[in-house]
Each structure stands twice: as C-alpha cells, then as structure tokens.
Amino acid sequence: MSMIAAFYGGKSILITGATGFMGKVLMEKLFRTSPDLKVIYILVRTKAGQTTQQRVFQILNSKLFEKVKEVCPNVHEKIRAIYADLNQNDFAISKEDMQELLSCTNIIFHCAATVRFDDPLRHAVQLNVTATQQLLLMASQMPKLEAFIHISTAFSNCNLKHIDEVIYPCPVEPKKIIDSMEWLDDAIIDEITPKLIGDRPNTYTYTKALGEMVVQQESGNLNIAIIRPSIVGATWQEPFPGWVDNLNGPSGLIIAAGKGFLRSIRATPMAVADLIPVDTVVNLTLAVGWYTAVHRPKSTLIYHCTSGNFNPCNWGKMGFQVLATFEKVPFERAFRRPNADFTTNTITSQYWNAVSHRAPAIIYDFYLRLTGRKPRMTKLMNRLLRTVSMLEYFVNRSWEWSTYNTEMLMSELSPEDQRVFNFDVRQLNWLEYIENYVLGIKKYLLKEDMAGIPEAKQHLRRLRNIHYLFNTALFLIAWRLLIARSQMARNVWFFIVSFCYKFLSYFRASSTLKV
Ligand SMILES: CCCCCCCCCCCCCCCCCCCCCCCC(=O)SCCNC(=O)CCNC(=O)[C@H](O)C(C)(C)COP(=O)(O)OP(=O)(O)OC[C@H]1O[C@@H](n2cnc3c(N)ncnc32)[C@H](O)[C@@H]1OP(=O)(O)O
Ligand SMILES: NC(=O)C1=CN([C@@H]2O[C@H](COP(=O)(O)OP(=O)(O)OC[C@H]3O[C@@H](n4cnc5c(N)ncnc54)[C@H](OP(=O)(O)O)[C@@H]3O)[C@@H](O)[C@H]2O)C=CC1
C-alpha cells in the first residue's frame with residue numbers, strides 16, 4: 001500500500017493554478033491515486049467567456065481525466081471550484097468561501113504564477129510575489145493546515161552557474177518591491193526594471209526568486225517546502241505518455257520547427273537541455289507534500305526537480321531526435337520541410353534568420369498578395385523570432401543543480417511509493433520520451449489525426465521538389481546574370497564546360513578501347 005496515497009485520503013487540498021499545465025496533472029494524479037480524498041478546492045478565475053464551472057467541466061471531460069473517471073466516478077463532486085482572482089485583494093474570494101477554505105484546508109499546493117518572460121514587472125510581482133504573500137497569510141489562519149508546498153522554478157537563480165537547494169537573497173527586499181509597485185507609475189517601473197532584474201534574463205525568473213524570499217520570510221510556524229522544477233515538458237508515463245497542452249518551454253518551438261517555420265536557432269548543441277516531465281514534477285510534489293506534513297522538517301526544504309545531474313540530455317541530441325520523429329510522423333500542412341541548424345555564432349544566426357526565416361516569409365507574403373490574399377507570414381515570423389530570442393538565453397548555457405534533498409526524499413520512500421510516485425529520472429529513456437513528446441504535440445496540441453500522416457508525407461515530398469526547383473532556378477538566373485556581366489565568370493564557365501567535354505571524350509575513348 002502506498003503511504004503517500006493513503007496520506008492524501010480524507011484530506012481537503014487547496015490548489016492554485018489548477019487550470020494550468022502542471023495543476024491539471026497534479027489534480028489528475030491526486031484523484032487517481034487517492035480517490036478517497038475529501039475535496040480539492042481550486043481557485044479559478046473566469047476566462048475567455050467561460051465561468052469557473054464551465055472551465056472545471058472542460059478539464060474533467062478532457063482526455064487527461066479519462067482514467068480518473070474509472071477510478072473515481074464521483075470526481076466532479078470532489079472538486080470545489082472557488083472563484084478567485086489572485087490579482088485582487090483577498091483574491092476576491094467570497095466571505096463564505098474564505099471561511100470554508102480557512103477552516104477546512106489540510107494541504108496547499110501553490111502552482112499559480114505568470115510564466116511569461118515578458119510580463120511587465122508590476123504584473124509579475126503581483127502574481128508571483130504579492131499573491132504568494134497573501135496566500136501565506138491565509139495559510140497562517142488555517143488551523144488544520146499540515147503543509148504548504150510552493151512551486152518555484154530551478155531558474156529563479158539562473159544568474160548563478162551552480163545552484164544549491166537554498167534560498168539566495170535578492171539585493172532589494174521583496175517587501176520594498178511590493179510597496180514600490182503601489183506608488184510608482186508604469187513608465188518609471190519600466191525604466192528601473194533592467195536595474196532590478198540585474199543579471200537575470202527576465203521578470204519571470206526575478207519575481208520567482210522574490211517569491212521564494214517571501215516564502216522564507218513569511219513562513220512563521222507553517223510547514224513549508226519549495227519545489228524548483230527546470231523546464232517542464234510533456235508527460236513521461238502518466239496518465240499516458242506525451243500529454244501536453246501549452247506552448248511553453250520547447251513545445252512551441254517544436255511546433256514551429258515541425259511546421260517548417262523555424263529552421264535554425266542560436267543554441268549550443270552540447271548545452272544541457274534540462275527538461276523534466278510534468279508527471280515527474282507532480283510525483284515529487286506529492287511526495288514532498290507527504291514528507292513535509294508527516295516529518296515536519298525543522299526548516300523550509302527546497303527540492304530541485306531537474307534531470308541534468310541524473311540523466312543529462314543536450315539540445316543537440318534533442319533537436320536530432322525531434323527531427324527524426326518528424327520523418328516518421330510529420331505535422332500537417334508544413335510551410336517548409338523541417339530542418340534544425342544549431343549555431344552558436346550570432347552573425348551566422350543573423351544570416352540564417354535572414355535567409356531561412358525572413359526571406360521565405362517575404363516571398364510567401366508576396367505570393368499571397370499576388371493571389372489577392374492578406375499577407376501574414378512576415379508578421380508571424382517576427383513574432384516567432386521574438387519568442388526565440390527570449391528562449392535563447394536558456395539554450396546557450398548549462399547549470400548545475402544540487403539535489404541532496406530530492407535524493408534524500410527518494411531514499412525515504414517505500415519501494416511501493418517509489419513505484420507509484422516515481423521521480424527517478426535516471427530511468428527515463430530520452431529518445432523514447434522525445435518521440436512521445438512530439439507525438440503528443442501532434443495529437444493533443446495540434447489535434448492532428450494520425451490518419452493524415454501519408455498526406456503529410458506527400459506534402460513534404462512536394463515541398464522538397466519545390467525547394468529543389470526553386471534553388472535550381474535561382475542558381476541558373478544568378479549564373480546567367482554573372483556570365484553576362486563578368487569576364488572571370490565567363491572564363492570559369494568555359495573552363496568547366498571544356499573540362500566536362502574532355503572528361504566525357506576520355507571516358508568514351510577508354511570504353512571504346514575496352515570493346
Ligand atoms: C532549428 C530549431 C528547431 C528546433 C528543432 C527541434 C526543437 C528541439 C530543440 C529545441 C531547442 C529549443 C528549445 C528552447 C526551450 C527553452 C525554454 C526554456 C525555458 C526555461 C525557463 C524556465 C522554465 C520556467 O520556469 S517557466 C515556463 C516557461 N515559460 C515559457 O516558456 C513562457 C514563454 N512565453 C512567453 O513568455 C510569451 O508567450 C512570449 C513572450 C514568448 C510571446 O509573447 P507574445 O505576447 O508575443 O505572444 P503570445 O500571445 O504569448 O503568443 C504569440 C504567438 O506565439 C505562440 N507562442 C507562445 N509561446 C510560444 C513558444 N514558447 N514557442 C513558440 N510559440 C509560442 C502563441 O501561441 C501565439 O501564436 P498565435 O498563432 O499568434 O496565437
Ligand atoms: N512550465 C514550466 O516549464 C515551468 C513551470 N514552473 C512553475 O510551475 C508552476 C505552474 O506552471 P504551469 O502550470 O506551467 O503554468 P501555466 O501558465 O500553465 O498555469 C498558470 C496557472 O496560474 C493561474 N493564474 C494565473 N494568473 C491567475 C490569477 N490572476 N488568478 C488566478 N489564477 C491565476 C492560471 O489560471 P488561468 O488558467 O485562469 O490562466 C493557471 O492555472 C508555476 O509556478 C511556474 O512558475 C516552474 C518551472 C518550469
């Protein structure tokens with residue numbers, strides 16, 4: 001019997017960010033392994049015209065929850081969606097709901113965050129710092145609370161090369177930052193943002209670091225743990241391989257590459273691609289929840305959920321395997337044939353951006369205009385290249401994360417718990433994982449049918465022929481122009497033609513002699 005699964009039985013669990021990528025997988029696993037849990041409270045806002053109930057309904061009716069419904073048929077009765085907006089005071093939670101949360105909650109998993117790299121500092125602070133502070137305040141008023149698990153990121157200290165499982169202070173206190181956001185206007189905040197984030201690449205990593213400081217400073221008597229996952233990718237095993245539902249991390253770039261939009265990137269092939277499957281992060285999170293509540297460590301423990309030191313994969317290997325998978329299962333209606341050129345040189349990268357990305361976009365837009373349609377490719381390409389430029393920081397560096405606490409926890413688990421809540425990435429086969437990841441993107445993100453593979457392959461063959469034809473035509477035109485204008489080109493042309501002629505005459509003469 002799994003001790004961790006039993007621990008969550010009868011518990012009232014509060015999850016923030018339950019509608020997000022990680023939150024959904026966390027809920028799914030909780031219901032599947034502990035169907036006798038009492039209730040999961042989720043803080044949900046309304047979005048895209050959907051009420052909180054509609055959003056929950058959609059999640060429960062998704063493929064991700066198919067297995068859960070077999071194990072826990074009354075799952076909808078065990079989810080209590082509470083309207084909340086983490087950007088508002090008291091999260092805009094009604095009095096009655098707040099009362100219920102405060103008096104009943106046993107465990108909190110705080111997953112909500114803005115993960116956008118380009119969020120204005122004010123917004124990132126509001127969600128990643130102030131909301132965390134408010135949630136801690138709520139937690140301190142919960143008499144039955146056994147553990148508060150905060151999800152951070154392994155990149156909160158990406159300005160360091162070696163990162164230990166400790167909290168590194170930021171120069172300016174989070175409280176000062178929170179206060180200053182109240183009275184500074186947007187223009188001044190934008191101006192001081194680069195100075196505040198210092199050698200971090202974006203407001204996301206900076207505010208996640210501030211969030212950790214807040215957790216440390218406001219922990220009081222709470223039983224807290226922090227989990228720091230690296231780049232969270234599709235599921236490895238559970239509930240089934242390859243599930244993914246957003247474009248974050250490498251997923252968006254894999255789509256862009258598979259559709260032939262992105263063919264080159266400034267990336268270091270040997271740099272470690274510290275990807276971690278979302279189900280691995282969730283298994284560790286649940287194990288940490290159990291350990292923190294039951295063993296009540298004296299201080300706040302931080303757990304790195306990374307793959308690099310256990311089972312490293314690099315971007316080169318990843319890119320290679322992604323391309324190999326495109327051969328077997330291509331994406332439909334590609335713009336160009338997929339290709340992946342990794343370059344570490346900025347000038348080469350700019351050259352490829354011009355030749356491989358911008359030029360085809362301009363040509364295609366020209367074609368759209370000619371055929372009376374609205375041009376759109378250049379705009380799309382600009383957005384894509386902007387996205388790529390924001391991710392480049394992470395694919396040109398390697399980090400080392402120490403994992404003492406994560407390893408300690410692994411050794412504390414019973415063999416059954418190690419199996420049910422497996423977070424040992426040494427067992428992960430990268431080639432298989434990446435293949436399933438690409439397949440998952442095709443099925444669950446692009447919603448493409450496997451029956452369309454022959455047609456997609458046929459389309460790629462057509463693109464290859466167009467590519468050859470285009471290049472040959474381009475070469476002939478360039479050569480014709482050159483010959484017309486340059487004596488040297490004419491000489492070279494004469495030399496090549498006479499060389500071929502002599503070679504052919506020799507070949508013909510020697511074959512006649514043999515006869
Ligand atoms: C030649 C290369 C080919 C490669 C072949 C094979 C690939 C295999 C190797 C891949 C190597 C490269 C992998 C790089 C991955 C590195 C990720 C590292 C991240 C680690 C950081 C820490 C991890 C975390 O803690 S947090 C989680 C990470 N967070 C994110 O990833 C968020 C990033 N996204 C953003 O910040 C924004 O979305 C932004 C700024 C990129 C774009 O904002 P904008 O306002 O312009 O647009 P959106 O409305 O958000 O979207 C516009 C448009 O772009 C699509 N899109 C969104 N995100 C991505 C993405 N990550 N990649 C590609 N496309 C994306 C979005 O859907 C929109 O499309 P529309 O069609 O316009 O709707
Ligand atoms: N994905 C990754 O690669 C990594 C993620 N992490 C961390 O893991 C955690 C989960 O990330 P992930 O699931 O990928 O992120 P998502 O962007 O998928 O989910 C974010 C969640 O936060 C919720 N949220 C955002 N703003 C508000 C708000 N104002 N009020 C209420 N809820 C809000 C979102 O709700 P809604 O659906 O309404 O928008 C959503 O449920 C985050 O803390 C992130 O920093 C760490 C390392 C890597």
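Numbering of ligands and ligand atoms starts at 1, following listing order. Numbers here simply count residues along the sequence, with the first being 1.
When heavy-atom distances to ligand 2 are checked against a 4.0 Å cut-off, R228 has no atom that comes that close, whether in backbone or side chain. Under 4.0 Å from ligand 2, the heavy atoms of V115 that appear belong solely to its side chain. For Y204, every heavy-atom contact with ligand 2 shorter than 4.0 Å involves the side chain, none the backbone. Under 4.0 Å from ligand 2, not a single heavy atom of A154 appears. When heavy-atom distances to ligand 2 are checked against a 4.0 Å cut-off, M22 comes that close through both its backbone and its side chain.
Assignment of A131 to the shell around ligand 2 is not supported, since no heavy atom sits closer than 4.0 Å. Proximity of F155 to ligand 2 is not established, as no heavy-atom distance is less than 4.0 Å. Ligand 2 lies within reach of C111, whose nearest heavy atom is under 4.0 Å from it. Heavy atoms of L43 stay at 4.0 angstrom or farther from ligand 2. Residue contacts with ligand 2 do not include T114, since none of its heavy atoms lies under 4.0 Å from the ligand. The closest approach between a heavy atom of Q88 and any atom of ligand 2 is not below 4.0 Å. Residue contacts with ligand 2 leave out G233, since none of its heavy atoms falls under 4.0 Å from the ligand.
The shortest N or O to N or O distance between F21 and ligand 2 is under 3.5 Å. Considering both main-chain and side-chain atoms, T153 never comes within under 3.5 Å of ligand 2 through any nitrogen or oxygen pair. Where the criterion is an N or O separation shorter than 3.5 Å, residue side chain and backbone included, H110 fails it with respect to ligand 2.
Between L275, N128, V232, it is V232 that holds the heavy atom closest to atom 3 (O) of ligand 2. Of the candidates T46, V44, T19, N246, the one placing a heavy atom closest to atom 34 (C) of ligand 2 is T19.
Remark: of the listed residues D97, V56, I42, I40, D97 is the sole one forming a side chain to side chain contact (heavy atoms under 4.5 Å, CB included) with R80.
Residue K69 places its NZ atom among more than 12 non-hydrogen atoms of other residues, nucleotides or ligands, all under 6.0 Å distant. The 12-atom threshold is not exceeded at OH of Y404, counting heavy atoms of other residues, nucleotides or ligands nearer than 6.0 Å.
For the pair K175 and E182, the salt-bridge criterion is not met [side-chain N within less than 4.0 Å of a carboxylate O]. Salt bridge D186/R122: present, at least one basic N to carboxylate O contact under 4.0 Å.
Using the six-membered ring where Trp is involved, W430 and Y433 have ring planes that are perpendicular, over 60° apart on the 30 and 60° scheme. Using cut-offs of 30° and 60° for the angle between ring planes, the H304 and W401 rings count as perpendicular. Between F240 and Y444, the angle of the ring planes lies from 30° to 60°, which puts this pair in the tilted group.
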For F117 and F394, run ring pair (Phe, Tyr, Trp, His ring centres under 6.0 Å): C-alpha distance rounded to whole Å, both residues' side-chain angles, the deciding distance at 0.1 Å, then the answer. CA-CA 12 Å; F117 294 156; F394 300 96; 5.4 Å; yes

Begin with the C-alpha distance, continue with both residues' side-chain angles, and end with the deciding distance and a verdict on salt bridge (charged side-chain N to carboxylate O under 4.0 Å, His left out) for K67 and E70. CA-CA 5 Å; K67 278 193 185 164; E70 288 165 22; over 6 Å; no

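Looking only at side-chain heavy atoms (C-beta outward), R266 and T344 stay at 4.5 Å or farther from each other.
For ligand 2, the atoms sitting less than 4.0 Å from at least one non-hydrogen atom of N87 are 29 (N), numbered in the order shown with element in parentheses. Under a 4.0 Å criterion applied to the non-hydrogen atoms of A113, ligand 2 contributes the atoms 20 (C), 22 (O), 25 (C), 42 (C), 43 (O), 45 (O).
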